[in-house]
Amino acid sequence: MGLPHGKLKADFGFSHQVNLAYVEAAECVSEPVNREPPSREAQLLTLQNMSEFDILVIGGGATGCGCALDAVTRGLKTALVERDDFSSGTSSRSTKLIHGGVRYLQKAIMNLDIEQYRMVKEALHERANLLEIAPHLSAPLPIMLPIYKWWQLPYYWVGIKLYDLVAGSNCLKSSYVLSKSRALEHFPMLQKDKLVGAIVYYDGQHNDARMNLAIALTAARYGAATANYMEVVSLLKKTDPDTGKERVSGARCKDVLTGQEFDVRAKCVINATGPFTDTVRKMDDKNATAICQPSAGVHIVMPGYYSPESMGLLDPATSDGRVIFFLPWQKMTIAGTTDTPTDVTHHPIPSEEDINFILNEVRNYLSCDVEVRRGDVLAAWSGIRPLVTDPKSADTHDSGLITIAGGKWTTYRSMAEDTINAAIKAHNLKAGPSRTVGLFLQGGRDWSPTLYIRLVQDYGLESEVAQHLAATYGDKAFEVAKMASVTGKRWPIVGVRLVSEFPYIEAEVKYGIKEYACTAVDMISRRTRLAFLNVQAAEEALPRIVELMGRELNWDDYKKEEELETARKFLYYEMGYKSRSEQLTDRSEISLLPSDIDRYKKRFHKFDADQKGFITIVDVQRVLESIGVQMDENTLHEILNEVDLNKNGQVELNEFLQVSCGEGKQAYFPHGSRFIL
């Protein structure tokens, strides 16, 4: 975290005032000035035409958007620019937990560290607040800590009970102990050998990219001029007449989409760029000493059957001392994370080494009946954490630039509050206290757990789709439902899916543009979460997404092709598609003659024209169209599922050969023609 120019040292001592602050803050905030967030074009005009803002925030991650919301709700004229999309960096690549930090509490106790204790207490306060202000995007999640040695049971039980105690009135639900048999009832795929029992505690879980977007949209509704795809080219400076020193007075910004450049002037500029903290600091002072040590955290997504639908798992001591979470998320299973030094890049790539490390740790905790397969990794990503090397280092710069770095997702709001407090003090701005405690984020105010039923009854949506819309957009789900296309079926009446296995519908693409989506990557990764759930499903949906976006944004054929290519590269490198395509299942013996293998390989490669090493439904559709065979998508999925032995959504060469030599494993087209790839 950072100080006027350096590390903003957060004051963690106010968390005991939660309940009073809640009521007071909620009553103080005026209504949003905009019923809907202004369009990106309108926001750009405001950025261009405003003579001077009070606050200009650089960075559209959780902390940056939090700063913009905190500032604008205090009555400050606020602007925010982000060179990519909102939440395109670390904020969308988290473990999806809203937590106080069990391991931080352990360190606080073991080292008698009062600062660590205060940090945990503050995070637990912020956890409660976030669950309250965005109930559609977040929920409590029970997490199991399996115990394999008797002496660990009292040790961990005391630690977890202290976690409840520190949370106080913000405790979500009380932790409890399970016997071995009860633990296996709750988590049947757990390794049962030597299992003594388990402890279950509660933390929060959320949809991180959507949460970040909700903060940005809320700031825009309250009057902040926010714009994605606006890159800061340089910082503006002017001489202070009183001191004779140069002070930062704004930024030269470039619209990444059009190339247009203009100046945005502000009394105070806040650097909230996460891993790129030092890049902006060196714009201010090329001799500035680096304060951030980037660290890569890799996560993987596996099928939902790897974990219970509503119970997570914590491995507190992996083979190299790291902590691994194994959590249900969006009906899938997310596992991570790693912690590896890395270089700062806009496009971090998950390494095969990190993916295999996570898989090995998962194997240690799951029953030998569950075969943990590399092919079951449906998506993988790497997020870069901006770890601050020395939070107490002295500030040697006088430019007035304020930097906020470090911290974690859960405490974005309190970090933003501390940052705006520092800005007000350093620049003598006229503003009252922070008003964001208890302030509902976009979609949260009128959400209820039964809202989805109204969507089903009023619009004729599938129940699964309605639940997804309610959990993604909250009380704004009705606006998406109004845009939904008629299916032409008896049921559902509206809501054409982008891919059959996921509840995302075409109307979300149109609505996503209202939420500032500018590219196909924005749509598959942060407006919907398809890329984070299944890279192949995301690739399958891409052509239709590009077609729908092109219609709304007037893209020509060249632009559509460019968007497709960029999105495919994103999936291939950043979301683990490359790693998947390099891994073939090769454990089973193939009982075919060499001549038969060669013949089947030729058939396989007829479909795998791109030489990916596997066949997807898109490949099958392409070949069928070339020979004039028409088949509906559901039938195709059934056929592919028949051949997809490891159920990872793709047919690898080895699987194809196994089916070819197996008995009773033949899939059929309609009208009796055999399905031979």
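For clarity, every value in this text was computed on a predicted model and none was experimentally measured.
Contact between Ala272 and Val57 at its shortest, heavy atoms only, is CB-CG1, 4.3 Å. For Ala537 against Phe502, the heavy-atom pair with the smallest separation is CB-CE1, 3.6 Å. Pairing each heavy atom of Leu47 with each of Ala227, the nearest pair is CD1-CB, 3.7 Å. Closest approach of Leu451 and Ala477 over heavy atoms only: CD2-CB, 4.3 Å. Closest of all the heavy-atom pairs between Val456 and Ala466 is CG2-CB, 3.5 Å. What you find for Thr342 and Ala296 is that their closest heavy atoms are CG2-N, 3.6 Å.
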Checklist entry - Are Asn534 and Val301 close enough, and set up right, to give a side chain to side chain contact (heavy atoms under 4.5 Å, CB included), and what steps lead you there? => result CA-CA 8 Å; Asn534 188 316; Val301 166; over 6 Å; no
Checklist entry - Yes or no on side chain to side chain contact (heavy atoms under 4.5 Å, CB included) for Arg526 and Phe86, after CA distance, side-chain angles and deciding distance? => result CA-CA 8 Å; Arg526 293 174 289 273; Phe86 301 114; over 6 Å; no
Next on the checklist: With side chain to side chain contact (heavy atoms under 4.5 Å, CB included) as the criterion, how do Met230 and Leu44 come out once you've worked through the C-alpha distance, each side chain's angles and the decisive distance to 0.1 Å?
Outcome noted: CA-CA 9 Å; Met230 286 297 294; Leu44 292 179; 3.6 Å; yes
Item to check | Verdict with supporting geometry, Leu571 and Gln536, side chain to side chain contact (heavy atoms under 4.5 Å, CB included) | outcome: CA-CA 9 Å; Leu571 292 172; Gln536 286 182 259; over 6 Å; no
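Between Tyr504 and His468, the gap from one ring centroid to the other is short of 6.0 Å.
Looking only at distances, a side-chain donor or acceptor of Thr487 sits under 3.5 Å from a matching main-chain atom of Pro492. The backbone N or O of Val298 sits less than 3.5 Å from a side-chain atom of Thr338, completing a donor-acceptor pair. Between the side chain of Thr333 and the backbone N or O of Pro328, no donor-acceptor pair lies under 3.5 Å. Here the side chain of Thr46 pairs a donor or acceptor atom with the backbone of Ala42 at under 3.5 angstrom. Between the side chain of His136 and the backbone N or O of Asp446, no donor-acceptor pair lies under 3.5 Å. Judged by distance alone, the side chain of Thr218 and the main-chain N or O of Gln442 form a donor-acceptor pair under 3.5 Å. Proximity of a side-chain donor or acceptor of Glu82 to a complementary backbone N or O of Asp84 within less than 3.5 Å is detected. Side chain of Thr528 to backbone of Met523: a donor-acceptor contact under 3.5 angstrom is found. With Thr472 contributing its side chain and Leu469 its backbone, the two residues share no donor-acceptor pair below 3.5 Å. A side-chain donor-acceptor contact under 3.5 Å links Asn228 to the backbone of Tyr516.
If you take OG on Ser87 and CG on Asn212, they are separated by 3.5 Å, rounding to the nearest 0.5 Å. The line from CG of Leu378 to CE of Met302 is 8.0 Å long, rounded to the nearest 0.5 Å. For the atom pair Ile133 CD1 and Leu441 CG, the distance stands at 4.0 Å (nearest 0.5 Å). The distance from the CZ atom of Arg454 to the CG atom of Asp475 is 9.5 Å, given to the nearest 0.5 Å. Here OH of Tyr452 is found 13.0 Å from CG of Leu461. Values are rounded to the nearest 0.5 Å. Atom-to-atom distance recorded for Ile545:CD1 and Leu498:CG is 5.0 Å, nearest 0.5 angstrom.
A salt bridge is defined here as a Lys NZ or Arg NE, NH1 or NH2 lying under 4.0 Å from an Asp or Glu carboxylate O, and Asp208 with Arg529 meets this definition. The existence of a salt bridge linking Lys559 and Glu563 is confirmed by a sub-4.0 Å separation between a basic side-chain nitrogen and an acidic carboxylate oxygen. Between Arg252 and Glu261 there is a salt bridge, with a side-chain nitrogen of the basic residue lying less than 4.0 Å from a carboxylate oxygen of the acidic one. Ion pairing between Arg374 and Glu352 holds under the 4.0 Å rule for side-chain N and carboxylate O. Salt bridge status for Lys476 with Glu36: present, with a side-chain N to carboxylate O gap under 4.0 Å. Under the 4.0 Å criterion applied to side-chain N and carboxylate O atoms, Arg210 and Glu515 are assigned as salt-bridge partners.
Contact annotation: the side chain of Leu130 approaches that of Met211 to within less than 4.5 Å [non-hydrogen atoms, C-beta and beyond]. Residues Phe607 and Thr616 are not in side-chain contact: their nearest non-hydrogen atoms beyond the backbone lie 4.5 Å or more apart. Between Phe532 and Arg93 the shortest side-chain heavy-atom distance falls below 4.5 Å. Using a 4.5 Å heavy-atom cutoff, the side chains of Thr279 and Thr273 are not in contact. Residues Arg40 and Asp255 meet the side-chain proximity criterion, which asks for heavy atoms closer than 4.5 Å. At a threshold of 4.5 Å between non-hydrogen side-chain atoms, the residues Tyr229 and Asp522 count as touching. Contact of the Tyr305 side chain with the Asp376 side chain is registered, since non-hydrogen atoms from C-beta on lie closer than 4.5 Å. Counting heavy atoms from C-beta outward, Thr337 and Phe325 have side chains that stay 4.5 Å or more apart.
The aromatic rings of His299 and Trp381 lie parallel to each other, with less than 30° between the two planes, well short of the 60° mark. Using cut-offs of 30° and 60° for the angle between ring planes, the Tyr572 and Tyr577 rings count as tilted. Ring-plane geometry between His346 and Phe276 is classed as parallel, the angle between the planes falling under 30 degrees on a 0 to 90 degree scale with a further cut at 60.
Surrounding CZ of Phe478 are more than 12 heavy atoms belonging to other residues, nucleotides or ligands, all under 6.0 Å away. Atom CG of Asp343 has 12 or fewer neighbouring heavy atoms from other residues, nucleotides or ligands inside a 6.0 Å radius.
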